[in-house]
Amino acid sequence: MLKGVAASPGIAIGKAHVIKSYQININTEVIAQEDLEAQIKRLDEAIASSKSQIMKIKEKAERELGADKAEIFGAHLMVLEDPVLLDEIKTKIKSELITADNAVSQVVNNYIEIFSNMEDEYMKERAADIKDVGERIIKNLLGIPTDSLVFSEKVIIIAKDLTPSDTAQMDKDNVLAFATDMGGRTSHTAIMARSLEIPAVVGLVDATDKVQEGDTVIVDGNKGTIYINPEESVLKEYEILKQNYLEYRKKLRELKDLPAETSDKLRRVELAANIGTPRDVKGALENGAEGVGLYRTEFLYMDRDALPTEEEQYKAYREVIEKMAPRPIIIRTLDIGGDKQLSYLDMPEELNPFLGWRAIRMCLDRPQILKTQLRAILRASAYGNAKIMYPMVSGPEEIKRANAILKEAKEELKAEGIPFDENIEVGIMVEIPSTAVIADILAKDVDFFSIGTNDLIQYTLAVDRMNEHISHLYQPLHPAVLRLIKNVIDASHKAGKWTGMCGEMAGDPWATAILLGMGLDEFSMSASSIPQVKNIIRSLTYEKAKEIAQKALSMDNPEDIRNMVKEEMEKINSPIM
Ligand code: PEP
Ligand code: MG
């Protein structure tokens, strides 16, 4: 058994086709002056072939994966057509008298290095696009076949690495799964595999050495493992697992457009997504998110030299609001500090940064930062359904002060004649125990609560969420945490307000029945967790969920609570996978 990174879920069993990478031998000799023309011609021809190959792949991807997934090949074409890049290659050939393959390799490697060293994750990913295009041009220059992933029988591909164009070209009927030596979960190759729903494991290090052509291989894309020529008992076990998994996925897929309601239809909740940038909206919609329960705006402020302008923020918020419309978007105001620092803000060194100058505390000390952000959110609110949420609130005074700044922002916009949603809802995150305890007092000052369990658990149990030595003490199902959550939900309902949850616990399948039974109104989580949580909700009656919540609240320790949930879910024939 080899262990790698689970890149795309699913289980496949089949015969291995091992792709030994072609040796690319770059000709590094100096060329004669009279060969110059011939090298330039070779380059032009290789670029023309690369272009027509990519255009074909793009068309195939548009047909089979949709326009958004095919966009990446539009980006590849742009790299190919970039006059600066092509000029640089030609100048290098002429001034250094080197071969076209050598020049392409040098220029492309230089760009790959520049892009991979950038802080911005998005720019980093562009390095893979340039590498993919560069390799294609070189292969065309050297006469190495570029399109070889079409098969007449079913195979499991074992390769050193696959480019996004390899993945997009895969013939879904005949490629059962793939496994690679290199790669990570967020590479484009992995992203493509997930959207094609081809099981994949990446980062296996030496699979291409250990697997021989024709070996029987099991790829477990859920656990991130592969088995080579497994024993009969393992094969049998995996045949059953595969069948169960296929049935499970089929069921989850059917749920996408169905409401998150209990089987007796007595309780319906909202399932929303947490996002960090406008780019995350796509995944939210694909997984059936009914809104955004937490838009973490800090990413707009990070990896740069100065605060983002009102205009920049407005554009980002408006993009999300418009793309998700008419669904609600909860925009959280700047939550900086703790583990998230801004170098340009001159933040103090602190002994306990998580208990320090962070989030709303910092914003109230620097009201101009908050006002600029609130103006941007208000302006964007004219384009759909936006809500404002303050992070790290510990008591009523902070809400009043933040609302006073919000009022000023509204008055300014009114005076300037700029439209915004006058009735925009304003809520707070409940992530400090004091806030959870006095939720009844705070309920009259807010339109909604959203429980941030990531912090609430760390503060309630005094367990640093970043410290791996005490991670066993970080327990979402701890009775103290459950009681605080229940208190917040009850207090909000009594005041006619609603409560959501946007900490990771909202997407934790072990907590779903308990939270549902306690009356949580909205669950906001990583988009990919939505189908599983929806499935659990739809398999329960509201009565059963309430009974599970009651039981959990009367129990002493997290382990017993977990076992109780396991038993109850098995009893109703909806085991947690
Ligand atoms: C939380 O604390 O639960 C939360 C959602 O906020 P963050 O993880 O951004 O601190
Ligand atoms: Mg938090």
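Indexing begins at 1, ligand by ligand and atom by atom, following the structure's order. Below, all heavy atoms of this structure are taken into account, side chains as well, without hydrogens, waters or symmetry copies.
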Exercise. Say whether M429 and ligand 1 are in contact under the criterion: heavy-atom distance to a ligand atom below 4.0 Å.
Key: yes
Quiz prompt | For E290, the option from K534, R268, R327 that meets salt bridge (charged side-chain N to carboxylate O under 4.0 Å, His left out) | solution = R268
Quiz prompt | Contact atoms of ligand 1, heavy-atom distance to L294 under 4.0 Å | solution = 5 (C)
Practice problem: Output yes when the distance from some N or O of ligand 1 to some N or O of E298 is under 3.5 Å, and no in every other case. | Solution: no
Quiz item: Closest non-hydrogen protein atom to atom 6 (O) of ligand 1, residue and atom name please, with distance?
Solution: R332 NH1, 3.0 Å
Exercise. Only heavy atoms count here, so choose which of R465, K340, M525, M505 is nearest to atom 10 (O) of ligand 1.
Key: R465
Quiz prompt | Side chains of D464 and Q458 in contact at under 4.5 Å (non-hydrogen atoms) | solution = yes
Quiz prompt | Flag if over 12 foreign heavy atoms under 6.0 Å of CG, D305 | solution = no
Quiz item: Under 3.5 Å, N or O to N or O, is G452 touching ligand 1 that way?
Solution: yes
Quiz item: Is any N, O or S atom of D455 under 2.8 Å away from the Mg ion (ligand 2)?
Solution: yes
Quiz prompt | SB check K571 E568 (cutoff 4.0 Å) | solution = yes
Practice problem: Could you list which atoms of ligand 1 come closer than 4.0 Å to a heavy atom of D455? | Solution: 1 (C), 2 (O), 3 (O), 10 (O)
Self-check item: Among K407, R379, R375, salt bridge (charged side-chain N to carboxylate O under 4.0 Å, His left out) partner for E412
Solution: R375
Quiz prompt | Ionic contact status for E547 with K544, cut-off 4.0 Å | solution = yes
Self-check item: Ligand-side contact atoms (ligand 1) for residue partner E431, heavy atom cut-off under 4.0 Å
Solution: 1 (C), 2 (O), 6 (O)
Self-check item: Between N535 and Y248, a side-chain donor and acceptor under 3.5 Å
Solution: no
Exercise. Check all N, O or S atoms of E431 and name the one closest to the Mg ion (ligand 2).
Key: OE1
Practice problem: Check whether any heavy atom of E504 sits under 4.0 Å from an atom of ligand 1. | Solution: no
Quiz item: Salt bridge or not for E319 and K315, using N-O below 4.0 Å?
Solution: no
Quiz item: Quick one: which ligand 1 atoms are inside 4.0 Å of a heavy atom on C502?
Solution: 5 (C)
